[in-house]
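Please read the structure below before turning to the comments.
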Amino acid sequence: MSRFDGLRHRLYVLFRGDRYADEVRRELRFHRELDALADHGNSLGNETYYREEVRRMTLQLWIDRVLQDLTYAIRGLRRSRGFTAAVAIILGLGIGVNAAMFSILDRVFMRQPEGVVHPTEIRRLFTNVRVRDMNGNDGRHVSYGLPYPYLTTALAVADPSIGLAAYTGLDSILLRSGRDRIPARRVLVTDNYFSTLGVTARYGRLFAPSEYALASPTPLAVISDALWERGFHRDPSVLGRVVKIAEKTFTIVGVATPGFAGIDLDAADVWSPANNFEGHGTEPWYRTFQAQMQIFGRVPTAAAETRLIAATQTVFRPMRVEHWMQDSTLRVVTGPMLQALGPIERGGDLLVTLRIAGVSLMVLLIVVANVLNLLLLRAQRRRREIAVRRALGVSRGRLLHQTTVESLLLALIGGTIAVLFAIWTDAALRHVVFPDAHWVGRSISGRTVLFVAALSIAIGFVGGLTPLLGAFREELAGELKAGMNNGGYRGSRTRNALVALQAALCVVLLVGAGLFARSLDAVRGIGTGFAGTTQFFANAQYDEPATHYKDIEPVMPQVLDRIQALPDVEAVGATSIAPLYGFSWTDIFVQGRDSTYKLDGEHFATVSEVTPGFFGAVGLRIIAGRAFSAADSRDAPRVAVVSATMAHDLWPNESALGKCLYLDKRDAPCSTVIGVAADARRMRIIERAGSHFYAPSAQRGSAARTVVVRARDGHVASAIRETEAILRQYLPAMAGMRIQTFDSLTERELRPWRLGRTLFMALAGLALVVAAIGVYAVIAYGAAQRTREVGIRLALGARTADVVDLILGDGLRVIAIGIAIGLGLALAFGYTVRSLLFGIEPNDLSVLIGSATILCIVGATASLVPGLRAARIDPNIALRAE
Amino acid sequence: MTTRAPKSDVLSGTLDMLILRTLTLGSLHGYAIAQHIGKLSEGVLMVEQGSLYPALERLLNKGLVTVKWSETPTKRQARYYTITRSGRKQLEAKESDYDRVSLAIARVLGRA
């Protein structure tokens with residue numbers, strides 16, 4: 001163990017330095033004394049030298065040296081404050097953007113929900129099933145929501161020790177406590193929910209087993225610690241407090257473990273037993289497919305997981321076959337508690353975010369290139385100082401040590417700014433990326449801070465190596481003899497390469513921003529088929545559908561009249577199903593066609609039952625024929641309006657007008673097609689135009705109970721308020737109301753592109769600023785180097801333009817090279833995001849040219865400023881300058 | 001600060017070797033090491049404190065020797081140095097190096 005003997009000795013000297021020095025003194029005294037006895041007298045040697053030697057060999061010296069270098073670095077940085085601030089801020093922004101991105105990814109992919117015991121043991125249950133989209137195409141879909149009967153059967157076959165539990169999706173609610181209205185999110189849970197997760201009550205209690213009995217609602221609630229704080233200011237009397245949720249009263253019985261906010265990204269604040277689920281119909285809700293439960297269990301081993309999958313799949317399959325088009329392909333799959341890591345298809349916004357995280361690394365690269373450049377320039381400016389120190393015997397190693405300490409110090413200052421910046425941007429970024437999520441906990445985790453620290457230190461070390469890139473190469477003697485501006489211009493290949501790199505990456509970012517912006521425009525351009533931006537729908541919600549019809553039908557005409565009379569309303573109508581929100585279909589039969597025209601492959605027609613005012617209110621154009629009128633009453637001949645696609649599909653080469661549709665059954669009376677409407681989207685902007693038709697609600701016997709309103713421009717908010725008031729007045733028994741603007745319905749779908757555009761633009765903007773600083777610094781340095789040359793040229797009669805040309809020429813050439821490389825990179829990059837684009841190819845010429853142009857302008861501006869300054873110099877001063 | 005060049009590479013290397021060889025006799029304090037080397041070389045190699053102790057420190061740092069306070073036969077406290085296993089290995093290597101070099105020198109000088 002001799003190696004450790006040496007180490008032990010070094011550590012002993014380091015930590016017990018005083019004691020060791022004392023030992024050394026005693027040893028020397030002993031030696032001297034023996035020497036004196038032997039009367040040699042000639043072997044005194046040099047004690048001080050020995051002591052110094054001992055010291056030199058120790059770690060202590062290393063520490064001394066670091067401290068010394070630190071002092072030196074601080075002094076140096078304080079002397080050049082502008083440089084320090086520029087580098088620290090650039091680094092801070094670059095690292096900060098990455099830290100914020102990291103923080104988001106950390107949350108989505110790494111941070112386990114708080115308050116859960118052994119979170120990795122929790123496994124979610126999903127089913128992978130065959131589905132058919134509204135265009136009639138078959139596909140597969142992994143779904144996390146399973147109807148309650150699935151849970152019942154799963155519980156019957158699963159090992160009880162797994163503690164299979166389930167909860168309903170998050171519901172945004174308004175908790176009314178006295179006069180307070182507290183927005184919160186509620187989850188309904190089954191009996192194993194808390195025990196399986198290992199969540200306990202921090203205050204009060206959780207629900208008793210009997211309180212989970214399915215047959216009757218138990219109006220109890222457990223709230224989160226966060227809600228206790230936010231809504232009740234930690235008032236101990238919260239237990240037993242009666243609150244109202246959606247017009248029902250609940251009693252709060254407990255506060256959950258601090259930090260616990262459910263197991264989704266979106267934080268839950270209120271838990272109630274699942275028996276509070278509001279089903280409709282005569283069958284109890286837990287025997288129907290109404291409640292979509294998310295099922296999970298604590299599965300400790302892989303073997304248990306395999307057994308669980310096998311057992312549940314066996315019982316789920318027959319249920320699926322029975323209930324959904326004989327689909328016998330159901331597979332049970334499991335996934336971790338973190339949804340983003342599970343088998344569910346990732347949403348567009350998450351995909352965009354992942355790409356953006358990659359892109360923010362690009363910004364980091366730009367930043368590092370820039371900082372290296374600034375460090376290089378600084379080293380160049382200090383050439384003489386370095387030469388003097390070299391001449392005084394300071395070794396290269398020592399200088400390298402010093403520059404490393406300095407750049408580490410800079411990087412750590414940058415890192416500190418980064419953390420502050422990240423804390424600030426994290427909230428903003430979260431809002432942009434996941435506006436619906438209500439995340440719990442601190443915004444910046446310890447992991448993020450570690451990430452910043454690691455990144456800063458790495459950058460610090462890279463920065464410390466800059467002198468290797470050329471600052472030390474110059475010959476000592478030459479440096480000492482020459483003045484700073486000895487007339488020669490030192491072009492630096494490294495410097496130019498770094499500028500070119502920045503330019504190239506900026507082009508990539510700009511192209512990314514351009515591609516996403518154009519995609520957004522393209523999607524918007526398609527539109528929904530409904531003209532205008534001021535439409536919204538309002539829907540009265542009832543607990544009992546039976547009261548629904550009874551309540552609404554008789555008053556609907558008055559309601560529509562009242563709304564129509566509002567000054568803020570342009571048009572109003574009613575429909576059986578809210579546009580862009582849902583769809584329904586019915587069997588139809590057409591003469592000359594054997595098969596029923598219904599949910600069968602391509603032949604799938606959806607229907608809306610509407611009032612005459614509907615078409616005007618939603619902004620749907622009638623292409624041929626006419627819309628409905630009041631004359632199309634219950635007793636009048638049946639009529640229908642078909643969509644353009646349906647008309648073309650059924651009667652390809654003739655006019656649809658006057659043709660007959662038989663609705664519901666083959667022997668129904670003929671509904672004459674009296675009009676053809678433009679195609680409108682049913683659920684999404686990007687969907688294939690499908691067959692859709694409209695029938696007068698008066699003739700269909702079902703109430704058109706969704707009110708569709710077109711507000712006057714700029715009066716949407718007030719129109720919504722007034723519409724709501726009228727509905728409340730006429731329908732006092734309703735349980736709640738859903739009002740949504742058409743824009744908000746498509747917002748979700750547009751979000752990935754909006755997100756891509758926003759983030760790319762922000763990052764590109766940041767990168768441009770950083771790169772501009774870099775270009776400016778390099779050009780300004782070059783100009784300063786050539787002060788004397790410029791002076792001579794001016795003295796010899798050069799014009800300003802010539803000098804600007806001279807100074808700018810280099811910079812612009814480098815930028816041009818960077819742009820060329822960048823365009824190549826952008827093409828490669830474009831193909832990696834291609835699947836996220838819409839209606840635009842990654843090689844779109846206008847985007848590429850636009851990006852290059854922007855960069856040219858920024859580069860030229862950043863160069864022009866120092867160029868002009870150089871040209872304005874007084875030749876007299878320039879020639880006299882050192 | 002630069003690494004100051006040792007007084008002489010050959011000398012310091014040789015001194016290390018002499019010390020290690022001396023310590024194969026057993027644990028000795030610094031003075032005894034110097035005396036032993038002096039005696040065996042018949043007074044030609046006089047090891048000064050200023051060379052001896054830095055050399056010992058170097059050997060300690062490399063883990064080739066260890067040190068411990070012990071009592072001398074005259075009941076005084078002194079630091080006793082002991083060669084370690086890797087010290088012995090190192091000694092072997094150094095001795096064979098030295099043999100090769102000294103033979104080579106002798107050949108060059110025409111004495112072998």
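Naming: A, B, ... by sequence-line order, numbering from 1 per chain.
- Here the options are B:R79, B:Q77, B:H29, the test is side-chain hydrogen bond (donor to acceptor under 3.5 Å, both in side chains), and the partner is A:E27; only B:R79 passes.
- Between the CG atom of A:D5 and the CG atom of B:L59 there is a distance of 12.5 Å, given to the nearest 0.5 Å.
- For OH of A:Y72, the number of neighbouring non-hydrogen atoms (other residues, nucleotides, ligands) closer than 6.0 Å is greater than 12.
- Interface remark: A:Q68 contributes no atoms to any contact with chain B (heavy atom separation under 4.5 Å).
- Below 4.5 Å, heavy atoms of chain A meet heavy atoms from B:T66, B:W69, B:T72, all part of residues 65-74 of chain B.
- Side chains of A:H9 and B:E57: a donor on one and an acceptor on the other come within 3.5 Å.
- Every pair tested for salt bridge (charged side-chain N to carboxylate O under 4.0 Å, His left out) that includes a residue from residues 409-418 of chain A fails, sequence neighbours excluded, so the list is empty.
- Here the CD-NE2 distance, from B:Q35 to A:H31, works out to 7.5 Å after rounding to the nearest 0.5 Å.
- Counting non-hydrogen atoms of other residues, nucleotides and ligands closer than 6.0 Å to CG of B:D99 gives a total above 12.
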